[in-house]
Amino acid sequence: MDHRAGPYAEFEAFVAGAAGRLLHVAVLLTAEAGAASGTASGAECPAARRLLAGALARTYAGWERLRGDDPYDHTRQELCAAFARTGRRHHGGRGVLAPLPPLERLVLVLCVYEGVAHEVAAAQLGLPVERVRVLSGRAVAALRARRGEAA
């Protein structure tokens, strides 16, 4: 079967257009060095690449069921769910967000970088909305305090 025709050609086009931004999300989540240097490539971010590959594989597996849904949103949800399951492995790192605990990092990336509403992020993460607001506020305050110390 030729995967270049039909829905899988659409998947390839989606990946070609969205993979860079999704990789940046994965790099921010894993707090690998690429986030600090502005690059997100190669051996610099192996955990981010593994996280993204898994999310894209799950999106590919369910591609035909996604008709009418936003594939970027679905893949980002898969990426965040995978990170939430494995977040403890990604504690630390050398990226800008490395000082944050994994859950704060996840909420910050979703709400600030990706612009997802607190209510939507709460539903995706299975947390109360107020908890997401607190985590987001705490993460932003921690980064501001760190920025103040560096200045």
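Keep in mind that what you see is a predicted model, and the values were worked out from it rather than measured. Only heavy atoms go into these numbers, but all of them, side chains included; no hydrogens, no water, no symmetry mates.
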Chemist: With Leu125, which residues qualify under side-chain contact (heavy atoms from CB on, under 4.5 Å), at least two apart?
Modeler: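 With sequence neighbours excluded, Leu125 shows a side-chain contact (heavy atoms from CB on, under 4.5 Å) to Leu106, Val107, Leu110, Leu127, given in chain and number order.
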Chemist: Tell me, please, which residues at least two apart from Tyr72 pass side chain to side chain donor-acceptor pair (under 3.5 Å).
Modeler: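 Tyr72 satisfies side chain to side chain donor-acceptor pair (under 3.5 Å) with Arg21, Glu114 only.
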Chemist: Might you point out which heavy atoms bring Cys45 and Val27 nearest each other, and give the distance in Å?
Modeler: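 Shortest heavy-atom separation between Cys45 and Val27 comes out as SG-CG2, 3.7 Å.
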Chemist: Working to the nearest 0.5 angstrom, can you tell me the gap between Leu103 CG and Leu135 CG?
Modeler: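 Leu103 atom CG to Leu135 atom CG measures 5.0 Å (nearest 0.5 Å).
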Chemist: Would you mind reporting whether Leu143 and Leu97 have side-chain heavy atoms less than 4.5 Å apart?
Modeler: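 Yes - at least one pair of side-chain heavy atoms lies under 4.5 Å apart.
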Chemist: How about Leu29 and Val25: do any of their side-chain heavy atoms sit closer than 4.5 Å?
Modeler: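 The answer is yes, as the side chains (C-beta and beyond) meet within the 4.5 Å cut-off.
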Chemist: Let me check something: do Leu51 and Tyr113 share a hydrophobic cluster, defined by ILVMFWY side-chain heavy atoms less than 4.5 Å apart, either directly or through other members?
Modeler: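 Yes; tracing contacts between hydrophobic side chains, which count when under 4.5 Å, links both residues.
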Chemist: Applying side chain to side chain contact (heavy atoms under 4.5 Å, CB included) to Ser136 and His118, what does each step give before you reach the verdict?
Modeler: CA-CA 9 Å; Ser136 178; His118 288 113; 3.6 Å; yes
Chemist: How many angstroms lie between NE2 in His74 and CG in Leu66, if you round to the nearest 0.5 Å?
Modeler: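 So the gap between those two atoms works out to 4.5 Å.
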Chemist: For a quick test of reading the model, state the closest non-hydrogen atom pair linking Ala121 to Cys111 and the distance between them.
Modeler: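 Of all heavy-atom pairs spanning Ala121 and Cys111, the closest is CB-SG, 3.8 Å.
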Chemist: Linking I/L/V/M/F/W/Y whenever any side-chain heavy atoms sit under 4.5 Å apart, do Val112 and Val96 land together?
Modeler: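 Same cluster: Val112 reaches Val96 through Ile, Leu, Val, Met, Phe, Trp or Tyr contacts under 4.5 Å.
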Chemist: Run the side chain to side chain donor-acceptor pair (under 3.5 Å) test against Arg67 and tell me which residues pass, sequence neighbours left out.
Modeler: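 For Arg67 the side chain to side chain donor-acceptor pair (under 3.5 Å) partners, ignoring immediate neighbours, are Glu10.
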Chemist: If you look only at pairs with a residue in residues 126-135, which of them pass as a side chain to side chain donor-acceptor pair (under 3.5 Å), with sequence neighbours excluded?
Modeler: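 Of all non-adjacent pairs touching residues 126-135, those that pass side chain to side chain donor-acceptor pair (under 3.5 Å) are Glu119-Arg133.
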Chemist: What's the shortest heavy-atom distance between Ala55 and Glu78, and which atoms?
Modeler: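 Distance-wise, the nearest heavy atoms are CB-CB, 3.9 Å.
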Chemist: According to ring pair (Phe, Tyr, Trp, His ring centres under 6.0 Å), who are the partners of Phe11, at least two apart in sequence or on a separate chain?
Modeler: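 If we apply the ring pair (Phe, Tyr, Trp, His ring centres under 6.0 Å) test to Phe11, skipping adjacent residues, the hits are Tyr60, Trp63.
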Chemist: So which atom in Glu32 and which in Ala47 form the shortest heavy-atom distance, rounded to 0.1 Å?
Modeler: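 Looking at all heavy atoms of both residues, the closest pair is OE2-N, 3.2 Å.
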Chemist: Within the 4.5 Å heavy-atom criterion, are Phe14 and Thr75 side-chain neighbours or not?
Modeler: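 Yes - at least one pair of side-chain heavy atoms lies under 4.5 Å apart.
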Chemist: Taking side-chain contact (heavy atoms from CB on, under 4.5 Å) as the test, write out the residues that go with Arg85, two or more places apart.
Modeler: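 Partners of Arg85 under the side-chain contact (heavy atoms from CB on, under 4.5 Å) test: Arg58, Ala81, Ala82.
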Chemist: Could you measure the distance from the OG1 atom of Thr59 to the CZ atom of Arg76? Nearest 0.5 Å is fine.
Modeler: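 So the gap between those two atoms works out to 11.5 Å.
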Chemist: From Leu23 CG over to Arg49 CZ, what is the distance, rounded to the nearest 0.5 angstrom?
Modeler: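 So the CG of Leu23 and the CZ of Arg49 are separated by 5.0 Å.
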